[in-house]
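What follows is a single structure, written as structure tokens, with notes after it.
In what follows, chains carry the letters A, B, and so on, assigned in the order in which the sequence lines appear, proteins first and then strands, with residues in each chain numbered from 1.
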Amino acid sequence: MAACSRIGGGGHSMDKSITLPPDEIFRNLENAKRFAIDIGGSLTKLAYYSTVQHKVAKVRSFDHTGKETEDEPLYEISVQEEITARLHFIKFENAYIETCLDFVKDHLVNTETKVIKATGGGAHKFKDLLEKKLKLKVDKEDEMSCLIKGCNFVLKNIPHEAFVYVKHAEPEFRFQTTHPDIFPYLLINIGSGVSIVKVESEDKFERIGGSSIGGGTFWGLGALLTKTKRFDELLQLASRGQHTSVDMLVKDIYGGAYGSLGLTGDLIASSFGKSATADKEFSKEDMAKSLLHMISNDIGQLACLYAKLHNLSRVYFGGFFIRGHPVTMHTITYSINFFTKGEVQALFLRHEGYLGAIGAFLKGAEEDSKFELQGRRLRSVVSVPGADPNQYSWGENYAGSSGLMSVSPDMFPMQRTRSGTLQFDMLEMDRLERQLVNLPLLLDSSSYIPDTMDLTEDAMAREYWLSCFEEALDGVVKRAVASQPDLQDARERAEKFRLKYRHKLQTLRHQPCAYGSLTVRSLLDTREHCLNEFNFPDPYSQIKQRENDLALRYFQKVVRSVEMLNWEDRQFALVKGLLAGNMFDWGAKAVSDVLETDPAFGFDEAKRQLQERPWLVDSYSKWIERLKGPPHKCALFFVDNSGIDIILGVFPLVRELLCRGTEVVLASNSGPALNDVTYNELQILTERIAAMDSVIHSGITKERLILVQSGSSSPCLDLSRLDKGLATLVRERHTDLVVIEGMGRAIHTNYYAVLRCESLKLAVIKNSWLAERLGGKIYSVVFKYEQPSK
Amino acid sequence: MSAFPWFGMDIGGTLVKLVYFEPKDITAEEEQEEVENLKSIRKYLTSNVAYGSTGIRDVHLELKDLTLCGRKGNLHFIRFPTQDMSAFIQMGRDKHFSSLHTTLCATGGGAYKFEPDFREMADLQLLKLDELDCLIKGVLYIDSVKFNGHSECYYFENPTDPVQCQKKPYNLENPYPLLLVNIGSGVSILAVYSKDNYKRVTGTSLGGGTFLGLCCLLTGCSTFEEALEMATRGESTTVDKLVRDIYGGDYERFGLPGWAVASSFGNMMCKEKRESICKEDLARATLVTITNNIGSITRMCALNENIDRVVFVGNFLRINTLSMKLLAYAMDYWSKGQLKALFLEHEGYFGSVGALLELLNPT
């Protein structure tokens, strides 16, 4: 390993084996406040809250009272500093605790912090060290309540937190979609002993049972039997052993199966039963394996008995016995399957190791916010920088998090040798501006999966998309640099972005499950997170501005040309216009190449390029039949791109819907992603369109056309994580039609989403690989109109 | 009526349990007709208390003056290790058992495993019987005939008080519903609703075989008696991590008393502690671990099946008052007095009794 690396200005050196600059590990310490620590038997987890200064692109409408000139842009783009909240969680081996604390102390600027919340078995042991090093008062918190709090938090905020483990399957991890409704569940925490906790709500949980046969038994008894000291080594021994030489199986007693009871011959009748009768020696591996089976089976059996008694089907496993070890996940899974005949699945958590630290942190935050609230009442101070995190929605930051269980030594040896940060594992969570909830119109929110394709299951698709994103990287870097012509460090930052994103792609190639299910959406979102990380908040802002500007000029002409047509032709022209508009997409590589080289590629040209009917997916006739009937009450429209798409494609259709007597809710992204139109931009555009169109104008003034933000900053759409305001509005307006437009929202995601009401999903496939996969060619059209089954 | 000799056999994973009915009302005429073979078997079994180096007759369990199928006699209880099965079969051949024209009723897994050996080596045809059927039949029968005038079933009064804890007879006249926990090498848990309505609820592989197996590996002992004797002298709290070792006392938030075991063998994670304990402590900890685990699985089954009486049987409990008291304690304490742990004097012999009954009254 390389020699000591110097860290920051503090002059402390970390352990020799740490080669990465630690500012990549303990990030944003300058603004850090409210610390929490969870010290376990071998790993320490540090948590803190920090504010991150971000550049965000803001658009602001010019004052239009004055005269307008042709050259003046539609609106003004400014890059502003915005402060967002972020939670940092860092996991490292206890051996580094002292060096890490020194580093934290040296970089801690914030002096308001007086207390550190501590939990875990080691909290007591390290109390003095913590107080001495950090000069913070150690405030101990109950381990179990921290664990539950943390568990609730990750289940609510990280969509692919829980997974089922399937040994030898491709992939081995089957991620579960978790939903806001996470209760009730059973948490089986396998530490040195076992605790079985029933969690019924945010504040209500009960330890309904436990067992003394746990990880400590495996470790302690294993050490006695095999003279092997380390837990990890014992697991490795076990994974090489054969339990059948030590255990007495059903066939050892019966000669075969015990058929009348359905007990197979290979079933263990008596653990260690053979070591009682023979004088022979047993290998360490075999004894370790037998012990592992004995303990896993026993825990699985108890878990099932408790699940049955309390009628619970969601059972999560955690604790150091489990923590990312494939061997124990497999034996526990096997046991649960056996005892429940497959009725209950053993669930594991990606961030299981962080639960205690997250919980301890949240406890501190809750206390602070109570205190701040009291303070506000007394002094009417209006400053609650980091109120109770439970009141917000949070999202995993893919740029700052290291991914699935990279600490486990037997898990990803590849990554451990490749990465320099092997002793450190990070999780970062961003506070989202808006609280996110389910779309109330989902037919079954518990079975809803946003993503159409799981790339962890489909190796060919994975290979294609990873390469596709890698190839597109040059263009993205170029675009990022071009978006900030006045900033000197733009190139340098763009290169850093390139490195980071490329590294993420490489990681995903080796461990597709590193961040939950691998999907086109997660690849896109990771790219957005990485761009933001290096202060490229909105690389397409100028392009969007220019295109919006251009498209606005043609709006009236397009509307007039459509109005001239008879009803039937008009409906078709509107749909065609919408589809043609959707071809203008910088997200699709094929199109962005054309847009970059041939700006004259116009709206009419796009219409000509469109596939002729019958389309690849074509329920247009059904749609027209429906339009001949009574108007919809209210349509919820998830829009896609800026420019021609929104202005010349979407708005004319919106206009038609309004004229039919249908109210329209336009849902756009809260934050920027590619050239997707943002809520702010759409407000300005609508205002401008209203100024030249009486239908839109009256729609706005009569509140029959409403703009809402989706709560998302992704080119894709997760209908289970939408802005609360949007959900409320959908309910109030009795929405009976949902229109989803574009590849990201209607193809990569939601293609199979089933709604309670009518839905229209439409997109142009601007990717030849995907088009071929779907059985078509590039620029094929998907027009999927569905009615709920009666 | 089946011809003599009357045997019932239960061939388990570790032990073979044999019951033999010795008729005491043999008439002179019968005596005349009794073949030499039969006589010699009767004499051999009843005049010895040990057979070969490993066979043992549990004299203290003998049921005297029993009337069975109209015959009066004594019921003898004999056991030997399953690994000596071939010697036993050999003996059957040497004594020309096959000439007696009796059916040999056998239950337990070994009835299946050793059937070909019986046939090929001793020309004996086994009547194989289901072990759980036999077990329940045996329990109900022995309880009904009483133990030489005493109660077969008993419990421990004041199980949570070591000083006041006392063995007391229990009347099992109306036994249903009943949870029957059979602790042999492994453990089977049955819910019994009537004479012939029962189901196997679950089982665990952590049973008597695990206790002995682990003890042999950890202490170098080789017999159950040895292991148990060590356990009696040992102290498990040096090996186990208790709640108070972690929390300094009770874990009040969850109602866990400080003396409860938090992690079995948990102290053995630490090298210094591994070096400071003795074999007796390890034997004791193994016993406590296995017993408590059976207790907690049993308790969960009782709750799930809504049954409040549990009868523990099986040879793990032989000469093992330690485990019985632990079980009685665990049932009582964790159920807050709702669950009663019951025990039977003939611990591990019910399967073989059931097999014998099947010989006499075939269903």
Residue, of Val261(B), Leu217(B), Thr289(B), that accumulates the most heavy atom pairs under 4.5 Å with chain A: Leu217(B)
Spatial distance of atom CG (Asn293(B)) from atom CG (Asp298(A)) [nearest 0.5 Å]: 3.5 Å
Which atoms of Glu275(B) approach chain A - backbone, side chain, both or neither, heavy atom under 4.5 Å: neither
Euclidean distance, Ser296(B) OG relative to Tyr306(A) OH, rounded to 0.5 Å: 6.5 Å
Residue Met287(A) versus chain B: region with a heavy atom under 4.5 Å: side chain
Over 12 non-hydrogen atoms of neighbours within 6.0 angstrom of OH in Tyr334(A): no
Atom of Ala276(A), atom of Gly209(B) and distance for their closest heavy-atom approach: CB-O, 4.1 Å
Segment of Tyr247(B) engaging chain A (4.5 angstrom heavy-atom cut-off): side chain
Top contributor to chain A contacts, counting heavy-atom pairs under 4.5 Å, from Thr204(B), Thr82(B), Ile297(B), Leu282(B): Ile297(B)
Glu115(B) portion near chain A, given a 4.5 angstrom heavy-atom threshold: neither
Distance-minimising heavy-atom pair for Met294(A) and Leu214(B): CE-CD1, 4.4 Å
Under 4.5 Å from any heavy atom of chain B - which part of Leu263(A): side chain
Among the listed options Lys273(B), Lys271(B), Glu131(B), the residue most often paired with chain A at heavy-atom distances under 4.5 Å: Glu131(B)
Chain A contacts, top residue of Leu132(B), Thr223(B), Val239(B) (heavy-atom pairs, under 4.5 Å): Leu132(B)
Under 4.5 Å from any heavy atom of chain B - which part of Asp247(A): neither
Selection from Leu291(A), Asp252(A), Leu225(A), Leu305(A) maximising heavy-atom pairs under 4.5 Å formed with chain B: Leu305(A)
Interatomic distance, Leu212(B) atom CG to Ser270(A) atom OG [nearest 0.5 angstrom]: 9.0 Å
Max heavy-atom pair count under 4.5 Å with chain B, selected residue of Gly209(A), Gly255(A), Gly216(A): Gly216(A)
Distance-minimising heavy-atom pair for Tyr254(A) and Tyr112(B): O-CB, 3.4 Å
Between Leu267(A), Val197(A), Val246(A), Leu309(A), the one whose heavy-atom pairs under 4.5 Å with chain B are most numerous: Leu309(A)
Part of Ser192(A) within contact of chain B (heavy atom distance under 4.5 Å): both
Enclosure of Glu120(B) CD (heavy-atom neighbours >12, cutoff 6.0 Å): yes
Largest heavy-atom contact set with chain B, pairs under 4.5 Å, which of Leu261(A), Val194(A), Val250(A): Leu261(A)
Tyr251(B) versus chain A, the contacting section by heavy-atom distance below 4.5 Å: side chain
Spacing of CE belonging to Met300(B) relative to CD belonging to Gln301(A), to within rounding of 0.5 Å: 10.5 Å
Leu302(A) portion near chain B, given a 4.5 angstrom heavy-atom threshold: side chain
Side chain Thr217(A), main chain Ser264(B), donor-acceptor under 3.5 Å: yes
Interface moiety of Phe205(A) toward chain B, non-hydrogen atoms closer than 4.5 Å: side chain
From NZ (Lys308(A)) to SG (Cys301(B)), nearest 0.5 Å: 8.0 Å
Lys229(A) side, atom NZ; Arg274(B) side, atom CZ - distance, nearest 0.5 Å: 7.0 Å
Best-contacting candidate, Leu256(B), Thr286(B), Asp240(B), against chain A by heavy atom pairs under 4.5 angstrom: Leu256(B)
Thr210(B) backbone acceptor or donor facing Ser271(A) side chain under 3.5 Å: no
Heavy-atom pairs under 4.5 Å with chain A, option from Asn267(B), Thr202(B), Val243(B), Ile246(B) with the top count: Thr202(B)
Crowding at CG, Asn306(B) (>12 non-hydrogen neighbours, <6.0 Å): no
Heavy-atom pair count under 4.5 Å with chain B, highest-scoring of Ser260(A), Gly210(A), Ser211(A), Gly193(A): Gly193(A)
Nearest heavy atoms of Ala223(A) and Met268(B), plus distance in Å: CB-O, 4.1 Å
